[in-house]
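Beneath this line is the structure, given in structure tokens, with notes to follow.
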There are 2 protein chains.
Amino acid sequence: MLEASPVSRPRVTLADLAQAAGVSRTTASLVMTGRGRELRISHDVEQRVLRAADELGYRPNAVSVGLRTGTSRTIGFVSDTVATSRLAGDMIKGALEAARERGVMLFIGETEGDPALERGLLHAMQDRQVDGIILAAMYTRTIKVPKDIGPAVLLNALPKPASGLPSIVPDEVGAGRSAARLLLEAGHHEGVYLIGAGPRLRDGPAASVAAVERLVGIRETGLKIAGARACAEWQPEEGLAATRSLLADHRPRALICLNDRLALGAYQALADAGLSVPDDVSVVSFDDHPIASWMRPKLTTVALPHYELGRKAVQVLFDQMGEEAEPGQVHRVAMPVRHRDSVKPR
Amino acid sequence: MLEASPVSRPRVTLADLAQAAGVSRTTASLVMTGRGRELRISHDVEQRVLRAADELGYRPNAVSVGLRTGTSRTIGFVSDTVATSRLAGDMIKGALEAARERGVMLFIGETEGDPALERGLLHAMQDRQVDGIILAAMYTRTIKVPKDIGPAVLLNALPKPASGLPSIVPDEVGAGRSAARLLLEAGHHEGVYLIGAGPRLRDGPAASVAAVERLVGIRETGLKIAGARACAEWQPEEGLAATRSLLADHRPRALICLNDRLALGAYQALADAGLSVPDDVSVVSFDDHPIASWMRPKLTTVALPHYELGRKAVQVLFDQMGEEAEPGQVHRVAMPVRHRDSVKPR
DNA sequence: CTGTTAGCGCATTCAG
DNA sequence: CTGAATGCGCTAACAG
């Protein structure tokens with residue numbers, strides 16, 4: 001049986017399906033949307049339609065459904081900058097997976113901090129009738145949420161003027177507590193220094209909520225901070241410089257670095273000074289950046305739960321659309337400790 | 001003047017616009033799609049429509065346009081795994097930017113190597129009438145392209161059974177040449193060892209085309225390779241082990257590491273052996289992973305042009321849709337050298 | 001030069 | 001239990 005093999009077989013529509021099954025489009029639609037049962041369509045007919053659908057490979061045209069129903073089973077993920085640093089990567093991955101579980105697709109876009117770009121992106125998404133929007137920031141901070149944004153959640157960000165939108169953020173205070181406790185439990189009650197910020201709460205990089213919250217958490221444990229070196233940027237070079245400066249005047253027994261990149265620099269300074277990690281000085285850090293497990297010794301650090309943050313964002317977005325949720329709720333996601341080899345009991 | 005301020009103002013449709021401007025929907029449509037000129041619509045009417053559109057904030061409903069025209073100004077980006085490692089991140093960023101320049105949105109999805117997942121994703125995208133698809137792989141390799149995929153390009157991948165689809169890949173052979181020449185020009189004619197693969201072409205990680213092509217490029221320069229240590233996985237630990245093993249028997253003057261993570265391990269082994277980079281041994285590498293500029297001394301490496309790859313993918317996708325392009329063409333994107341501090345002339 | 005008519009593919013009253 | 005009719009918002013023939 002010779003059959004024409006079109007280069008690109010045209011999509012099979014509901015009408016095609018109805019015809020093949022010998023029923024009306026309505027009936028076919030009813031069956032396919034699963035409402036055949038409640039409307040008591042004959043089991044016989046139902047099977048006929050289902051089989052035809054299977055044979056023809058019928059799939060409803062999502063665009064048409066969208067036009068008809070106003071929904072698109074699509075959400076937009078817009079981040080301020082580089083939806084691409086490893087950071088954002090895992091957030092997207094989490095969001096992606098949670099979305100897939102719900103049969104939802106993800107648009108992504110980056111605003112690069114440009115409000116005009118942001119507006120354009122939001123419009124492009126709204127024009128495509130997205131069901132909701134995830135507004136993500138690369139590092140935890142406050143953001144101004146555009147008006148008329150529709151259903152949305154803030155990811156890794158808090159609304160500057162309160163907006164009623166829910167927020168998903170890492171539990172930085174808890175992370176600070178974890179880091180400090182971990183040191184305390186290892187017997188480090190003194191000689192603990194801070195690299196990257198502090199000791200005063202406002203001694204961190206400007207708009208960084210991570211800095212102040214981590215400090216708050218550390219304080220809560222009662223751990224006594226012997227001293228600190230602030231850094232404007234949390235990059236390895238600054239960690240190196242800060243630690244070198246610290247070592248000029250002090251003999252730390254433990255370092256809390258405000259993030260892994262700083263810790264990398266600290267390692268270098270420690271090595272330069274002939275100090276061994278963790279024999280001479282223990283090091284704890286935050287983020288669980290990939291390098292943390294490449295360093296020698298592997299770095300003990302409190303992980304940013306990027307993946308979970310992403311997952312939670314779409315979950316909250318859908319919960320919110322479903323029912324009335326408490327407005328402006330902020331969801332804090334725990335930051336788990338990654339115990340590795342840079343802390344030693346004394 | 002008091003005005004009702006609806007919580008969510010209903011979208012303004014073409015009909016609203018037409019009515020406000022006192023014209024028919026067709027006329028409004030013509031003006032808005034810019035074809036008013038060629039059809040010689042009175043300048044007066046045109047201005048009237050344009051102004052009304054501006055005042056009402058009219059924006060065409062993309063879903064409806066999609067249903068009508070079959071196009072969606074949307075493309076899908078599906079990667080095999082983790083569209084999120086820093087690697088993929090920059091590819092997505094490049095694609096995103098190129099897409100934005102064309103007024104196109106990006107769907108993203110990950111197959112995690114699962115063919116069923118891949119089919120589902122592709123379907124979900126096709127159901128939404130994407131105009132084209134970018135099939136991306138995280139590390140350069142061959143992939144089997146699903147049938148009936150429609151307009152598509154392969155990103156960082158080659159089709160296993162030839163498929164006629166264009167491919168965008170980094171010019172790994174050129175990268176190999178660059179790395180070798182760089183050493184040659186620094187006077188390193190001997191004592192050059194390989195970490196990660198070789199010296200035979202097939203001595204790399206299995207499906208990795210990067211390994212063999214980089215080796216090919218190195219060979220082309222005539223650079224004499226004094227020896228090599230292969231690694232199954234290109235991770236820091238293996239680089240450390242391989243280099244340590246190498247140092248047990250040889251005194252290299254230069255190392256070519258097949259990627260930056262291996263180089264990180266090599267640095268550690270070199271340090272352990274009391275050897276200085278670059279005074280005692282020069283190191284060149286590939287990828288330009290973020291750590292390359294965090295290492296001390298900063299690592300000279302040949303960069304994977306992720307961003308450019310992403311850009312080029314959407315560019316080729318659109319070119320291909322526009323006209324007849326040579327089928328199965330493979331586009332090689334140059335890999336630029338990042339001169340830093342790990343190579344010293346001898 | 002502009003308005004009328006007709007679908008795109010689907011979901012949904014409303015009659016039979 | 002099923003079919004005919006309607007419209008989502010827009011574009012494209014085809015008349016006026």
Side-chain angles (χ1 to χ4, degrees), chain A residues 9-50 52-53 56-74 123 126-131, chain B residues 9-50 52-53 56-74 123 126-131:
Chain A
R9 170 170 32 119
R11 276 192 79 95
V12 18
T13 88
L14 186 62
D16 299 334
L17 171 60
Q19 180 176 7
V23 300
S24 75
R25 300 207 312 277
T26 310
T27 306
S29 174
L30 254 27
V31 172
M32 296 314 290
T33 51
R35 296 196 316 150
R37 306 321 286 262
E38 74 190 50
L39 291 186
R40 285 173 302 183
I41 287 206
S42 77
H43 186 262
D44 177 41
V45 168
E46 175 173 287
Q47 288 308 311
R48 197 142 37 97
V49 173
L50 254 22
L56 296 185
Y58 170 75
R59 295 201 317 269
N61 179 322
V63 175
S64 183
V65 174
L67 182 57
R68 184 60 234 240
T69 65
T71 198
S72 61
R73 302 217 64 81
T74 295
H123 282 171
Q126 290 165 344
D127 292 349
R128 287 167 175 76
Q129 292 189 170
V130 295
D131 297 329
Chain B
R9 171 171 28 123
R11 275 191 79 95
V12 18
T13 85
L14 186 62
D16 299 334
L17 172 60
Q19 180 175 7
V23 300
S24 75
R25 302 208 312 280
T26 310
T27 306
S29 174
L30 254 27
V31 171
M32 296 315 290
T33 50
R35 296 195 316 152
R37 307 323 285 261
E38 73 189 51
L39 290 185
R40 286 174 301 181
I41 285 203
S42 79
H43 186 262
D44 177 42
V45 168
E46 176 173 286
Q47 287 309 313
R48 196 142 37 100
V49 173
L50 254 22
L56 298 184
Y58 170 74
R59 294 200 318 267
N61 179 322
V63 176
S64 183
V65 174
L67 180 57
R68 188 59 238 249
T69 66
T71 197
S72 61
R73 303 218 62 84
T74 295
H123 282 170
Q126 290 165 343
D127 292 349
R128 287 168 175 75
Q129 292 190 166
V130 295
D131 297 330

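Quick caveat, the model's predicted, so the values are computed rather than measured. Chain A is the first sequence line, chain B the second, and so forth, proteins listed ahead of strands; every chain is numbered from 1.
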Over 12 non-hydrogen atoms of neighbours within 6.0 angstrom of CD in A/Q47: yes
If you round to the nearest 0.5 Å, how far is CZ of A/R59 from CD of B/Q126?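 Result: 5.5 Å between the selected atoms.
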Side chain of [X] - closest among [options]:
X     : options               : answer
B/S42 : D/dT2, C/dC1, C/dC10  : C/dC1
B/V23 : C/dG3, C/dG9, D/dC10  : C/dG3
A/R68 : C/dG9, D/dT2, C/dT4   : C/dG9
A/Y58 : C/dT2, C/dC10, D/dG3  : C/dC10
B/T33 : C/dA11, C/dG3, D/dT11 : D/dT11

Examine [N]: is either OP1 or OP2 under 4.0 Å from a nitrogen or oxygen in the side chain of [X]? Give yes or no.
X     : N      : value
B/T69 : D/dT11 : no
B/S24 : C/dG3  : yes
B/S64 : D/dC8  : no

Between B/S72 and B/V130, which heavy-atom pair has the shortest distance, and what is it?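 Here B/S72 and B/V130 meet closest at OG-CA, 3.5 Å.
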Considering all heavy atoms, the nearest B/T74-A/R128 contact: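 Answer, listing the atom of B/T74 first, then A/R128: OG1-NE, 3.1 Å.
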Expressed as a whole number of angstroms, how long is the span from [X]:[atom1] to [N]:[atom2]?
X      : N      : atom1 : atom2 : value
A/L14  : C/dC8  : CG    : P     : 13 Å
B/R59  : D/dC10 : CZ    : P     : 11 Å
A/M32  : C/dA11 : CE    : C1'   : 14 Å
B/L30  : D/dC14 : CG    : C1'   : 13 Å
B/E46  : C/dT2  : CD    : C1'   : 14 Å
B/R128 : C/dG9  : CZ    : C1'   : 15 Å
B/R25  : D/dA13 : CZ    : P     : 17 Å
A/L17  : C/dG9  : CG    : P     : 14 Å

Assign [X] to base, sugar-phosphate, or nothing according to its heavy-atom contacts below 4.0 angstrom with the strands shown.
X     : value
B/T13 : sugar-phosphate
B/L67 : base
B/V63 : nothing

If you go through the side-chain atoms of B/T26, does one of them form a donor-acceptor pair with the base of D/dA12 closer than 3.5 Å? yes
Electrostatic pair A/R11-B/D127, nearest N-O below 4.0 angstrom: yes
